[in-house]
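Counting starts at 1 for both ligands and their atoms, following the listed order.
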Amino acid sequence: MLSKSLELENVKEEIVSAKLPLHESATNLVFGKGNPEARIMFIGEAAGRNEDLQGMPFVGVAGKNLDKLLEQVRLTINDIYVANILKYRPPENRNPNEEEISAHAPYLLKQIRIIKPRVICTLGNYSTKYFLAECNVAGMKNQPGITQVHGKEKIIELPGMEGIKIKLIPLFHPAAIIYNRKLTELWEEDMEVVKKVIEQKELM
Ligand code: URA
């Protein structure tokens, strides 16, 4: 059997061969980082400028903020795996459209099927709505926004992983909370939920 790292490498190669929308304007594929054996995944939206240049998710300002927030719950990059819905940066960081999400998200699902996390923390509206819509991109627009659902745990099942229960914890996007005191407070409350979940022994 292939190791998870090798399986992930294969998905990376598949993405390169698929020539997904946005690949032409991007500098690098931004696939994921962290521990493939992790029990907890954090899922953002799409790379920004620094991520595009380095080919690594959450390495810019939002990434620094995420690192700080993870520290609060005593998590390091070795405890988690981080990826995005989109695998390439949208030009000028514009919002992703339905066609792009539909083309990219199946590769995120492949990553999840390999890593098999017990907990998924979504960061911001896009990844949250994607999972709340049961991975049906057209259904995302009917989902509540992150301000309504942040910190509320939900058990989900993903296509191709039927029978496996995953705990979804929607969180504000770290870029959104950087200069917002109110959101920082709410994030800290939500992190208490994350902390409680990861302290359950069977998860880690
Ligand atoms: N924001 C995201 O959603 N993902 C990144 O990788 C960087 C910023």
Side-chain angles (χ1 to χ4, degrees), residues 8 11-12 15-16 20-23 25-36 38 40-72 75-112 115 117 119-133 135 137 140 143 145-147 149-151 168-180 183-184 186-187 190-191 194:
L8 288 170
V11 176
K12 209 168 171 179
I15 296 175
V16 173
L20 297 178
L22 299 174
H23 85 274
S25 56
T27 316
N28 284 301
L29 164 64
V30 177
F31 184 72
K33 69 174 180 186
N35 183 354
I40 179 163
M41 274 182 86
F42 283 75
I43 300 181
E45 177 183 325
R49 185 166 179 276
N50 287 299
E51 289 77 16
D52 175 60
L53 290 174
Q54 295 184 43
M56 202 49 96
F58 287 99
V59 290
V61 181
K64 295 276 168 297
N65 216 32
L66 180 61
D67 292 345
K68 223 168 61 194
L69 298 159
L70 289 172
E71 238 173 69
Q72 284 183 17
L75 284 178
T76 71
I77 191 69
N78 284 326
D79 303 308
I80 66 170
Y81 192 91
V82 186
N84 287 313
I85 293 252
L86 290 202
K87 303 304 172 197
Y88 293 106
R89 179 195 185 201
E92 309 305 324
N93 299 346
R94 66 159 169 74
N95 289 335
N97 62 38
E98 225 177 276
E99 183 204 345
E100 288 156 358
I101 300 173
S102 301
H104 288 229
Y107 296 95
L108 170 66
L109 284 179
K110 287 187 186 216
Q111 288 173 288
I112 297 172
I115 295 164
V119 180
I120 291 180
C121 292
T122 46
L123 300 167
N125 267 314
Y126 280 88
S127 51
T128 301
K129 290 187 179 194
Y130 176 69
F131 290 107
L132 289 179
C135 309
V137 180
M140 287 171 66
Q143 299 305 317
I146 190 70
T147 31
V149 296
H150 70 94
L168 177 74
I169 309 176
L171 299 172
F172 286 107
H173 193 287
I177 68 169
I178 289 176
Y179 302 112
N180 187 323
L183 290 189
T184 305
L186 290 176
W187 171 287
D190 293 347
M191 273 316 209
V194 177

Is the backbone N or O of Ile146 less than 3.5 Å from a side-chain atom of Asn125, with the two atoms forming a donor-acceptor pair by type?
-> yes
Under 4.0 Å between heavy atoms, the region of Glu45 that gets near ligand 1 turns out to be both
What's the shortest heavy-atom distance between Pro96 and Glu100, and which atoms?
-> CA-OE1, 3.4 Å
Say whether, by atom type as modelled, one donor and one acceptor occur between the side chain of His104 and the main chain of Ile85 under 3.5 angstrom.
-> no
Selection from Gly44, Gly60, Ala46, Gly32 by shortest heavy-atom distance to atom 5 (C) of ligand 1 | Ala46
Does Leu123 come within less than 4.0 Å of ligand 1, judged by its heavy atoms?
-> no
For atom NZ of Lys33, decide whether the heavy atoms of other residues, nucleotides or ligands shown that lie under 6.0 angstrom number more than 12.
-> yes
Contact between Met56 and ligand 1, counting heavy atoms under 4.0 Å?
-> no
Protein contact to atom 4 (N) of ligand 1 [nearest heavy atom, distance to 0.1 Å] | Asn84 OD1, 2.8 Å
Of all heavy-atom pairs between Lys12 and Leu29, which one has the smallest distance, and what is that distance?
-> CG-CD2, 3.6 Å
Ala175: heavy atom below 4.0 Å from ligand 1, yes or no?
-> no
For atom 1 (N) of ligand 1, what is the nearest protein heavy atom, given as residue, atom name and distance?
-> His173 NE2, 3.2 Å
Taking only residues at least two apart or on different chains, which pairs with a member in residues 41-54 satisfy side-chain hydrogen bond (donor to acceptor under 3.5 Å, both in side chains)?
-> Thr27-Asp52
Test Leu69 against Ile177 for side-chain contact (heavy atoms from CB on, under 4.5 Å), laying out the working first.
-> CA-CA 11 Å; Leu69 298 159; Ile177 68 169; 3.8 Å; yes
Run the numbers for me: atoms of ligand 1, each under 4.0 Å from some heavy atom of Pro57, listed by number.
-> 6 (O)
So is there a nitrogen or oxygen of Ala62 less than 3.5 Å from a nitrogen or oxygen in ligand 1?
-> no
